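One structure is given below, encoded as structure tokens.
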Amino acid sequence: MESGHRNRIEEAREAHTRETGNQLCLERKNKTVANQREQNMDERIPPRMECIGVCVEELCPVCGDKVSGYHYGLLTCESCKGFFKRTVQNNKKYICAEKQQCTIDISQRKRCPSCRFHKCLHVGMRLEAVRADRMRGGRNKFGPMYKRDRALKQHRKALIQAGGFRIDSGPPLGSSIHHRHLRPLPILHSNPLPTARPPPLCSLLPSDPLAATQYQCTFFSSWTIKSEHTNNSGAPGSAARTHSEELHARPFSQQGPRMPQLVMEFVRCDPDELQLQNKITARLLQEQSGWEKHGNPSTFSLMCVMADQTLFSIVEWARTSIFFKELKVNDQMTLLHSCWSEMLLLDIISRQVLYGKVGSLLLVTGQEMELSYIASHASLTLASLVQRGQELVEKLHILKVDRQEFACIKFLILFNPDVKQLEDHQFIKSMHEQVEGALLEYTLCTSSHLLGRFAHLLLCLSELRSLSTLVEDYLYCKHLSGEVPCNNLLIEMLHAKRSWA
DNA sequence: ATAGCCTTGATA
DNA sequence: TATCAAGGCTAT
């Protein structure tokens with residue numbers, strides 16, 4: 001308030017100076033301000049955009065407007081920055097008048113603040129970047145991340161320029177992917193990074209788990225270091241909460257119920273759907289050059305490439321995730337070799353539940369495939385697998401399973417205490433218990449049916465497990481008949497489990 | 001309430 | 001010292 005008052009005085013003084021033209025009356029500070037403004041007008045803004053690199057063309061992941069810089073964790077436009085700030089600072093609560101599926105773009109972003117805010121969170125805007133103390137200026141802990149992201153974008157830009165293609169302006173995934181029963185790809189916002197030939201799993205995991213710690217290693221620290229954003233509004237009872245409660249239950253954005261801290265961390269670990277979509281699409285584009293030489297690939301081969309790339313993203317997710325990154329590489333590999341098909345299936349199923357439409361299968365690339373097409377063209381085995389998958393999607397849909405719960409289920413699958421040959425079995429068992437506890441706590445917070453919801457989720461998990469075994473068997477048969485494209489992670493995974501048995 | 005522009009201030 | 005992401009101000 002005081003600073004606002006001072007600003008008004010300064011502005012009044014500047015206005016007066018402009019009017020009178022009496023530059024001599026200006027204080028030195030005011031001269032600096034004036035100089036800065038002049039710089040803003042001519043040279044300062046363009047270099048800044050240069051600095052951002054590719055973001056000159058990059059669009060806000062929330063509404064598609066022009067990006068103005070990094071705000072609250074990622075590149076966004078000025079309006080979404082302001083919207084996010086207002087929402088968090090003023091602890092606003094919105095309710096969607098529709099089904100929480102409103103389109104957010106430049107023209108419609110004002111229409112539904114609820115969906116806009118959800119999208120802000122979904123694309124990765126960080127609540128904790130909004131300062132509780134409202135202090136201006138300076139830098140926060142995200143600085144290094146912004147720097148890395150900038151470097152990465154520059155690197156991508158260089159690669160894309162060298163490769164001579166881009167995905168968001170060029171033709172959509174060539175006819176080979178595009179034709180037949182797939183709907184066109186949606187507009188993709190950022191320039192994806194084509195990856196090199198798939199390396200084996202062991203080379204994807206760091207030899208020293210601690211070496212993998214980059215930005216996301218704040219997971220553990222968040223257990224001990226209080227987040228920048230704390231609710232100081234003096235909610236009733238907050239003062240009486242114990243330290244343990246403080247760690248496990250924090251006010252959760254707009255919904256009202258308290259979300260266990262651990263669940264929040266799990267959600268934070270979750271890769272962004274759009275980024276994943278871009279990455280895998282880029283990989284498919286790269287594969288395309290190979291296909292052009294050998295004719296169009298079968299739909300099944302395409303699905304294998306998508307599955308393979310999804311596996312890479314799963315490994316990447318696990319590698320940088322809370323608890324998992326603390327494990328020895330051998331245990332990391334054992335766990336991943338053990339759960340890959342469940343993770344893959346969960347990835348597909350959660351996409352249908354969270355974003356999919358009835359009657360079609362939403363692929364990781366954002367394309368849609370008609371279920372009726374699958375039913376009529378796939379083999380009996382595959383059609384029945386898809387059918388069982390759909391039934392599970394339906395169950396989870398009825399339960400209205402949300403991102404938070406899916407994030408927990410991923411960790412439940414990953415830390416499977418029933419896996420043999422683990423060096424640190426005790427740690428994995430205790431992690432599994434912690435995840436289960438967090439999920440239970442979350443379901444108790446969000447559901448009025450007490451243990452019913454939690455039990456239903458565990459039943460679905462059990463169904464997922466049995467289905468994944470069938471999927472593995474099916475894929476292994478296809479592999480034996482030479483239909484699974486070679487040199488990939490999918491095949492490594494298929495072999496890994498068989499070699500134990 | 002929104003969104004564009006302005007001020008601030010820790011850090012590289 | 002320049003940078004740039006925070007918060008602030010204000011016309012719409």
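Labels below follow one simple rule: chain letters A, B, ... track the order of the sequence lines, proteins then strands, and each chain is numbered from 1. Values in this document were obtained by computation on a predicted structure and should not be read as measured data.
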Starting from [atom2] on [N], measure out to [atom1] on [X] and report it in whole angstrom.
X      : N      : atom1 : atom2 : answer
A/L74  : C/dA5  : CG    : P     : 12 Å
A/F142 : B/dT11 : CZ    : C1'   : 16 Å
A/M125 : C/dG7  : CE    : C1'   : 14 Å
A/R139 : B/dA10 : CZ    : C1'   : 7 Å
A/L75  : C/dC4  : CG    : P     : 12 Å
A/N91  : B/dA1  : CG    : P     : 14 Å
A/K147 : C/dA2  : NZ    : C1'   : 14 Å
A/F84  : C/dA6  : CZ    : C1'   : 13 Å

Is any side-chain N or O of [X] closer than 4.0 Å to OP1 or OP2 of [N]?
X      : N      : result
A/N140 : C/dA6  : yes
A/Q89  : C/dA6  : no
A/Y146 : B/dA12 : no

Establish, yes or no, whether the cationic atom of A/R126 lies under 6.0 Å from the six-membered ring centre of A/F142 and within 45° of the ring axis.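 No, cation not above the ring by the 6.0 Å, 45° rule.
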Tabulated below should be each protein N or O lying under 3.5 Å from an N or O of nucleotides 3-5 of chain B; please produce it.
| from | atom 1 | to | atom 2 | distance (Å) |
| --- | --- | --- | --- | --- |
| B/dA3 | OP1 | A/R109 | NE | 2.7 |
| B/dA3 | OP1 | A/R109 | NH2 | 3.3 |
| B/dA3 | OP2 | A/R116 | NH1 | 3.0 |
| B/dA3 | OP2 | A/R116 | NH2 | 3.1 |
| B/dA3 | N7 | A/R86 | NH1 | 2.9 |
| B/dC5 | N4 | A/E78 | OE2 | 2.6 |

Name all residues meeting the side chain to side chain donor-acceptor pair (under 3.5 Å) criterion together with A/D272; count only those two or more places apart in sequence or in a different chain, and write none if there are none.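 By the side chain to side chain donor-acceptor pair (under 3.5 Å) rule, A/D272 matches no residue at all.
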Pairing residues for A/D331 by the side chain to side chain donor-acceptor pair (under 3.5 Å) criterion, not counting sequence neighbours: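 Per chain and number, A/D331 pairs via side chain to side chain donor-acceptor pair (under 3.5 Å) with no residue.
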Which residues pass the salt bridge (Lys or Arg N to Asp or Glu O under 4.0 Å) test with A/R403, not counting sequence neighbours?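 Salt bridge (Lys or Arg N to Asp or Glu O under 4.0 Å) list for A/R403, sorted by chain: empty.
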Could you tell me which residues satisfy salt bridge (Lys or Arg N to Asp or Glu O under 4.0 Å) with A/R109, sequence neighbours excluded, listed by chain and number?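 Salt bridge (Lys or Arg N to Asp or Glu O under 4.0 Å) list for A/R109, sorted by chain: A/D65.
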Using a heavy-atom cut-off of under 4.0 Å over every strand shown, decide if A/R134 touches base, sugar-phosphate, or nothing.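 Sugar-phosphate contact only - A/R134 comes under 4.0 Å of backbone atoms but never of a base.
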Among the nucleotides C/dG7, C/dA5, B/dT2, which one has an atom lying closest to any side-chain atom of A/Y70?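 Selected nucleotide: C/dA5.
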Nearest to side-chain heavy atoms of A/H71, which nucleotide of C/dG7, C/dA6, C/dC4: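 Nucleotide nearest to A/H71's side chain: C/dA6.
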Taking ring-ring contact (aromatic ring centres under 6.0 Å, His included) as the test, write out the residues that go with A/F415, two or more places apart.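 Residues passing ring-ring contact (aromatic ring centres under 6.0 Å, His included) with A/F415: none at all.
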Side chains of A/S107 and A/D105: donor-acceptor distance under 3.5 Å anywhere?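 Indeed, the side chains of A/S107 and A/D105 share at least one donor-acceptor pair under 3.5 Å.
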